[in-house]
Amino acid sequence: MKRAKTILGIESSCDETSVALLEVLKDDFKVVFHETASQIAIHERYGGVVPEVAARTHVAEIVSLLERSDVFGSTTPDAIAVTRGPGLATALRVGIEAARTLAYAWDVPIIGVNHLEGHLASVWLDEENRTKWDYPILALLVSGGHTELVVINAPGKYKVLGRTRDDAAGEAFDKTAKIMGLGYPGGPAISKRALDGDPNAFDFPRPMIHDPSFDFSFSGLKTAVRQTWEKLPDKEKKNPQMINHLAASLQAAIVESLIAKTKLAMAKIKPKAVTVVGGVSANAELRAALQHAVAEFSSSTFFLSPPMGVQTDNAAMIAAAGAWKLAAKKTDDWKKLEAKPEWDL
Ligand code: KG4
Ligand code: ZN
């Protein structure tokens, strides 16, 4: 019988330093270590991620995370998977240089992973999802920097059907939260406020909802929220219920726009399974709306959601994508591995 392989995952593309150890035996994936040092508290005071601060904080965190994973003790991994891009160049380099050094010292393969493929692979961190994984799969990939509809035909075989023409869905949450003084990141703050608000209180636009393409656009929504906010009397800007209504109406507009295009894509692709990945998929309203849309589309199409906790950036998903690439023998040369800040799927 083949022995399980241990893959070390390293993620440092934005504001989370994350290290994971994944045990892989054929299609069986088991996370045996996973820790993420979030920089949210640091970037919060700037109202967004400051690249230089992010990179310096990765440097400060990465060695202690690696130490805690015990890779310098009893478990030398069989391979190292590291995020190569897309992301902030200086932040990516911290993870990549650590991975290159370890690959050289341990003489093990290194695998440069596309962060977006990592989000897709996050679905595999749940055992039941792996049994329901049947092609073609339609993925709605929604993060702070990306909003895409992707057809998965096999690991490594992706077709981007459509993407945002301006802001990403996560950016729409982040920028409007900033306008309303709700801090960074905006998604969790807005979804919390939306729980007590009326989604019909404000009629925000659903951009491109009647457009036949699979593309999205969210910058108009941001403008609409800004204009509404600026017209509000100061007293109302401080009224918590008013903010709850704004948050609920905004969330409804984003969710509806995302679902409309995913429905269009389902009708075209006729997928066997549909999934939603990336930080914005932590949004319970979005997940529920998509689950409902999939059930309406076909009772034989699975709705797959990554396990809780791996929607936002993390190293377990990078190790999972690394396992796919290792199985396909797609490894890299540590001498040549460089960051690819603008890397598409
Ligand atoms: O995937 P991710 O962690 O980082 C990138 O690759 O960009 O996504 C971060 C994004 C942020 O824009 C954040 O506001 C959003 O995910 N997000 C949410 C929620 N939690 C995080 N958006 C909506 N609802 C949430 N609960
Ligand atoms: Zn991400």
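When a ligand or atom number is given, it counts from 1 through the structure's own listing order.
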Consider every N or O of [X] and every N or O of ligand 1, then say whether any pair is closer than 3.5 Å.
X: Pro185; answer: no
X: Asn283; answer: yes
X: Gly278; answer: no

At a 4.0 Å threshold, what atoms of ligand 1 neighbour a non-hydrogen atom of [X]?
X: Gly145; result: 7 (O)
X: Gly144; result: 5 (C), 7 (O), 8 (O), 9 (C), 10 (C), 12 (O)
X: Gly170; result: 12 (O)
X: Asp174; result: 11 (C), 12 (O), 13 (C), 14 (O)
X: His119; result: 1 (O), 6 (O)
X: Phe173; result: 22 (N), 23 (C)

When you measure from the side chain of [X] to the backbone N and O of [Y], does any donor-acceptor pair fall under 3.5 Å?
X: Glu11; Y: Ser13; result: yes
X: His146; Y: Ala168; result: no
X: Glu23; Y: Ala4; result: no
X: Arg193; Y: Ala248; result: no

Determine the minimum heavy-atom distance between [X] and [Y], stating which atoms define it.
X: Ala315; Y: Gly9; result: CB-O, 3.4 Å
X: Arg100; Y: Trp334; result: NE-O, 2.6 Å
X: Ile179; Y: Lys222; result: CD1-O, 4.0 Å

Could you see which bit of [X] sits under 4.0 Å from ligand 1, with heavy atoms only: side chain, backbone, both or neither?
X: Glu16; answer: neither
X: Ala282; answer: both
X: Asp313; answer: both
X: His115; answer: side chain

Cut-off under 2.8 Å, centre the Zn ion (ligand 2), protein N/O/S atoms:
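Only His115 NE2, His119 NE2, Asp313 OD1 fall inside 2.8 Å of the Zn ion (ligand 2).
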Salt bridge (charged side-chain N to carboxylate O under 4.0 Å, His left out) with [X]: which residues, sequence neighbours excluded?
X: Arg93; answer: none
X: Lys132; answer: Glu128
X: Asp332; answer: none

What residue and heavy atom of the protein are closest to [atom], and at what distance?
atom: atom 17 (N) of ligand 1; value: Gly279 O, 3.4 Å
atom: atom 23 (C) of ligand 1; value: Gly187 CA, 3.4 Å
atom: atom 26 (N) of ligand 1; value: Ser191 OG, 3.3 Å

pair Val113-Met317: side-chain heavy atoms closer than 4.5 Å:
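No. Closest side-chain heavy atoms not under 4.5 Å.
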Could a heavy atom of Cys14 be found less than 4.0 Å from some atom of ligand 1?
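Under 4.0 Å: no for Cys14.
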Roughly how far, to the nearest 0.5 Å, is the OG1 atom of Thr228 from the CZ atom of Phe202?
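These two atoms lie 6.5 Å from each other.
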Under 4.5 Å between side-chain heavy atoms, counting indirect links through other Ile/Leu/Val/Met/Phe/Trp/Tyr residues: same cluster for Val71 and Ile318 or not?
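Different hydrophobic clusters.
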Among Thr164, Asp167, Asp166, which residue meets the side chain to side chain donor-acceptor pair (under 3.5 Å) test with Ser219?
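Of the listed options, the one satisfying the test is Asp166.
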